[in-house]
There are 2 protein chains.
Amino acid sequence: MANRSCIIRLSRYKNALNRLKTLNFVRVFSDNLADAAGVTAAQVRKDFSLFGITGNRRGGYKVDELSDQLNKILGKDQLQEVVVIGMGNIGKALFHYGGLEKSGIKVAAGFDIDPVKFDRDSSQPVLPLEGLVDFVRGHNIVLGVIAVPDYAAQQVLELMLSAGIRGVLNFAPICLKAPEGCIVNNINLESELENLIYFVNALEDGK
Amino acid sequence: MANRSCIIRLSRYKNALNRLKTLNFVRVFSDNLADAAGVTAAQVRKDFSLFGITGNRRGGYKVDELSDQLNKILGKDQLQEVVVIGMGNIGKALFHYGGLEKSGIKVAAGFDIDPVKFDRDSSQPVLPLEGLVDFVRGHNIVLGVIAVPDYAAQQVLELMLSAGIRGVLNFAPICLKAPEGCIVNNINLESELENLIYFVNALEDGK
DNA sequence: TAGATTGTTAATCGATTAACAATC
DNA sequence: TAGATTGTTAATCGATTAACAATC
């Protein structure tokens with residue numbers, strides 16, 4: 001029903017609401033959220049109606065209530081645990097990124113094949129890849145991040161799937177084949193920059 | 001004319017072609033590229049026709065030729081220089097990420113407000129934010145990455161714009177206001193994970 | 001030639017926007 | 001009550017897919 005773009009927008013509304021909360025706002029209109037998220041007010045109301053979120057005609061939405069509803073949809077009513085595979089630049093950054101913890105996402109462990117990277121006894125350990133399946137099963141983890149080189153990514157994905165991972169964020173610059181029952185979202189930094197380059201050039205070449 | 005999704009696909013085709021090149025493939029069909037990029041063959045041909053890229057009926061496309069054409073569209077026929085603002089986890093990762101250099105993108109310098117991070121005399125320096133405008137103008141740089149906390153992001157964007165930056169990749173979890181003539185693409189790691197969480201839950205709740 | 005693949009047009013699909021009655 | 005905002009339906013817009021004539 002809801003598509004990717006819709007959920008990304010919900011996430012933005014949620015972030016905007018958090019800021020409004022710290023400013024002690026009590027009510028908010030679709031118009032305000034539209035501004036904050038860079039969309040139209042109709043879009044905001046349409047998105048809400050898809051999830052049965054209702055406000056008050058004339059009075060808008062209560063910030064607290066709306067925030068709770070969005071948090072629930074986005075799984076923020078419970079701690080989400082994630083594993084990161086590949087402790088290179090990107091993997092390490094996510095591993096240590098404080099922004100996730102603040103939002104209820106815990107990076108439970110990192111994995112690599114390079115013994116130099118191991119840190120077995122930490123509360124946030126870095127473990128050998130061979131230990132992935134046991135760890136993921138033992139902790140009932142369903143989310144993972146792939147931050148390994150492209151040639152290793154498909155193999156790592158299959159290992160993750162066999163461990164029970166259901167959702168994957170893939171930073172490797174390759175399109176992975178995932179079966180039904182598993183979601184793979186790709187973030188390709190090179191593609192993002194190439195995209196930027198194309199549109200900046202297009203702007204300059206008039207129009 | 002072309003939209004974001006289309007350019008992201010071109011980037012994927014290009015990456016697939018590079019892999020085919022290393023395998024010494026000479027020709028490729030829309031069908032093969034479709035598989036590699038996870039789209040339909042019609043989509044591939046439609047994308048190419050948008051850019052006047054033609055192949056050979058019956059014989060497909062020449063790998064070398066096609067690769068050159070895509071590289072040109074994506075600006076890979078010249079070195080692209082980028083600055084990174086914010087030397088936290090994400091900023092540092094991009095700063096040191098080798099994958100970009102391999103693809104003709106050079107991170108020319110990093111910027112921060114924390115003196116501890118400065119590294120002025122390196123060939124890839126980390127400089128105080130006050131030096132951004134001069135550096136960017138001096139090097140004719142038009143691309144930048146924002147990797148600062150959300151509350152600082154809008155201010156940093158405006159500084160970048162005043163320096164002449166035209167394309168921005170924003171990792172701060174906030175929707176930035178950019179004027180005409182500047183492109184801002186957002187990558188929000190928290191949103192990406194929330195997206196994953198939503199769809200994994202949706203899968204589990206039957207359909 | 002016969003067969004396979006392109007290039008493009010038309011059809012479909014889905015998402016966004018506009019509009020407005022309901023109503024607080 | 002009068003005015004403003006929601007919730008939803010219908011209209012629009014744009015992107016993807018299907019189909020097939022052209023042709024190598």
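A:R9 comes within 4.0 angstrom of sugar-phosphate atoms only, judged by non-hydrogen atoms across all strands, and of no base.
Under the 4.0 Å criterion applied to side-chain N and carboxylate O atoms, A:K14 and B:E190 are assigned as salt-bridge partners. Checked for salt-bridge contact, A:D77 and A:K72 miss the test: no charged N lies under 4.0 Å from a carboxylate O.
The partner of D:dG14, taking Watson-Crick or G-U wobble pairs whose two distances both stay under 3.5 Å, is C:dC13. Pair check for C:dA21 finds D:dT6; Watson-Crick or G-U wobble, both atom distances under 3.5 Å.
Proximity of B:Q43 to the phosphate of D:dA15: no side-chain N or O atom is located under 4.0 Å from OP1 or OP2.
Evaluated for a side chain to side chain contact (heavy atoms under 4.5 Å, CB included) with A:L17, the options A:N71, A:T22, A:V28 yield exactly one hit, A:V28.
For the residue pair B:E158/B:Q154, the side-chain donor-acceptor check at 3.5 Å is satisfied.
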Once base and sugar-phosphate atoms are separated, protein heavy atoms under 4.0 Å mark nucleotides 4-14 of chain D, 5' to 3', with B, S and - as BBBBBB-----

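Every side chain to side chain contact (heavy atoms under 4.5 Å, CB included) that B:F135 has, sequence neighbours left out, goes to B:V83, B:A108, B:A109, B:F111, B:L127, B:H139, B:I141.
Atom-to-atom, CE of A:M1 to C1' of C:dT16 comes out at 14 Å; the value is rounded to the nearest Å. Rounded to whole Å, atom C1' of C:dT16 lies 18 Å from atom CZ of A:R4.
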Derivation of the side-chain hydrogen bond (donor to acceptor under 3.5 Å, both in side chains) call for A:N195 and B:N185
CA-CA 9 Å; A:N195 198 266; B:N185 286 351; 3.2 Å; yes

